[in-house]
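Take a look at the structure below.
Remember, predicted model here, so these are calculated numbers, not experimental data. A, B, ... follow the sequence lines: proteins, then strands. Residue 1 opens every chain.
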There are 2 protein chains.
Amino acid sequence: MKKREEITAQTKQNIIDAFWGLYCEKRIEKIKVRDITDKAGYNRGTFYEYFTDVYDVLEHIENSLIPTLDELPPVSMPSGTIGMPLDMFLKLYEQNSRYYSVLLGDNGDPAFASKLKNSIKPTIVKVFADKQNVDQIELDYIMEYTLSAMIGIMSYWVKRSEHLTSEKLFELIFRLMEEGVMKQLPR
Amino acid sequence: MKKREEITAQTKQNIIDAFWGLYCEKRIEKIKVRDITDKAGYNRGTFYEYFTDVYDVLEHIENSLIPTLDELPPVSMPSGTIGMPLDMFLKLYEQNSRYYSVLLGDNGDPAFASKLKNSIKPTIVKVFADKQNVDQIELDYIMEYTLSAMIGIMSYWVKRSEHLTSEKLFELIFRLMEEGVMKQLPR
DNA sequence: AAATTATACAACATGGTGTCGGATTATTCA
DNA sequence: TGAATAATCCGACACCATGTTGTATAATTT
């Protein structure tokens, strides 16, 4: 006989897992509470003991995937170069690729990309911090450019089941950031 | 007395406009058919004469915003440089900023970004075409990087109500692409 | 082992969906 | 012109999903 807390934690997790199975296959608007509880093996009413609606489940999952400042993965890069946030970002993706590929994909949640960007921003700000001669507005644009590019290429990477080693990918992004796109296309 | 076709075209447009008004304010899952027809001044049943459901309206709008190959805006740039697709992209954004800022925003549709990328891809392929020494796989990654960065920074631009001239923005992106991110941060 | 607490369920009222047939308005053609 | 035809738009219907409430059952406490 299991403890109460373990049971409810298990139930909640079962609901989450059932939801995620469905979310990987179809758009969230096509997922009914009934579908989830059927798949998880509970009564429909039980769902509402844990979540307010289908979107609440997604939010729960998303929040567990957004690193807070203090729990960002440790980096092995010297600070002050683009290598630092890049290394951190890559670790995040490696840890959560199963989820990121869906959340950042075509049936994903556009708000999740924003949340992710905001959680990474402070690290990049640090890299840019000692660059004094740049206009703040321009810096914001460069920030958005950098974050979008990183998220874009890494999403592509996990979607392609990582058919490049993470070292190769790191190398490539580093070069793209340091030297620009066109320099990577010789001839 | 107006012609039949004009009336129905008008009705359809009224429904689209009403939908868009709501879509700018809230997530699509909160938009009911009833809300749309109330705002447009029709019976709820009339909606189904024109669209199958709420998502169908969005798809209709999206399709009208994805340029087909032959109707891409004309560019004033020499081909073979990143300036060409960049110029094209910028024109697209200027023409449709009202819609793009919403569709590519936090309450937007992640699939729309993909559609847009795919419609632009051929133009960038042209730019990359004469670069022979690069691995195809690596090229795909660079493509994704480029497209994501462009869409990201331009979405930011239209969201900020274009508080940079398009020329300034063009200049900035051009430099970021040609010389890299870090080179834009002196000191 | 009895009392207490909490989990999971069945049943209900409400509200949204999509589809009819019919009323009304515009167009066609005698 | 005006009767016949065709289409738009509407009201009503059956169905499904939602979210809530009261209750049986199982676990924990004393």
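- Between Phe112(B) and Leu104(B), the shortest heavy-atom contact is CD2-CD2, 3.7 Å.
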Listing time: all N or O pairs from protein to nucleotides 13-15 of chain C that are below 3.5 Å?
none

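- Proximity of a side-chain donor or acceptor of Asn96(A) to a complementary backbone N or O of Leu92(A) within less than 3.5 Å is detected.
- By the salt bridge (Lys or Arg N to Asp or Glu O under 4.0 Å) test, Glu171(B) is found to be paired with Arg175(B), residues two or more places apart in sequence or in another chain being considered.
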Output side-chain donor-acceptor pairs under 3.5 Å for residues 17-24 of chain B, partner residues at least two apart or in another chain, one line each.
from     : atom 1 : to        : atom 2 : distance (Å)
Asp17(B) : OD1    : Gln13(B)  : NE2    : 3.0
Tyr23(B) : OH     : Asn107(B) : O      : 3.2

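- Whole-Å rounding puts the Asn43(A) CG to dC12(C) P distance at 14 Å.
- For the residue pair Ser155(B) and Tyr93(B), a side-chain donor N or O sits within less than 3.5 Å of a side-chain acceptor on the partner.
- Side-chain atoms of Asp56(B) come within 3.5 Å of backbone N or O of Thr52(B) as a donor-acceptor pair.
- Scanning both residues, Leu164(A) and Ile137(B), for their nearest heavy atoms gives CD1-CG2, 3.8 Å.
- At the phosphate of dT8(D), neither OP1 nor OP2 sits under 4.0 Å from any side-chain N or O atom of Thr11(B).
- When the P atom of dA10(C) is taken as reference, atom OH of Tyr42(A) falls 14 Å away, rounded to whole Å.
- Here Asp38(A) pairs with Arg34(A) in a salt bridge; the nearest charged N to carboxylate O distance falls below 4.0 Å.
- Between Gln10(B) atom CD and dC9(D) atom P there is a gap of 10 Å when expressed in whole angstrom units.
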Please write out the pairs of protein N or O atoms and N or O atoms of nucleotides 18-22 of chain D separated by less than 3.5 Å, giving the distance to one decimal.
from    : atom 1 : to       : atom 2 : distance (Å)
dT18(D) : OP2    : Val33(A) : N      : 3.4
dG19(D) : OP2    : Tyr48(A) : OH     : 3.1
dG19(D) : N7     : Arg44(A) : NH1    : 3.1
dG19(D) : N7     : Arg44(A) : NH2    : 3.2
dG19(D) : O6     : Arg44(A) : NH2    : 2.5

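- Whole-Å rounding puts the Asp56(B) CG to dG18(C) C1' distance at 13 Å.
- Within the structure, the salt bridge (charged side-chain N to carboxylate O under 4.0 Å, His left out) test picks out the following pairs touching residues 105-122 of chain A (sequence neighbours left out): Glu62(A)-Lys115(A), Asp109(A)-Arg27(B), Lys117(A)-Glu144(A).
- Among the heavy atoms of the strands, none lies under 4.0 Å from Phe51(A).
- In this structure, CD1 of Ile36(A) is placed 12 Å from C1' of dA17(D), rounded to the nearest angstrom.
- Of the residues in residues 13-30 of chain A, none has a non-hydrogen atom less than 4.0 angstrom from any atom of DNA chain C.
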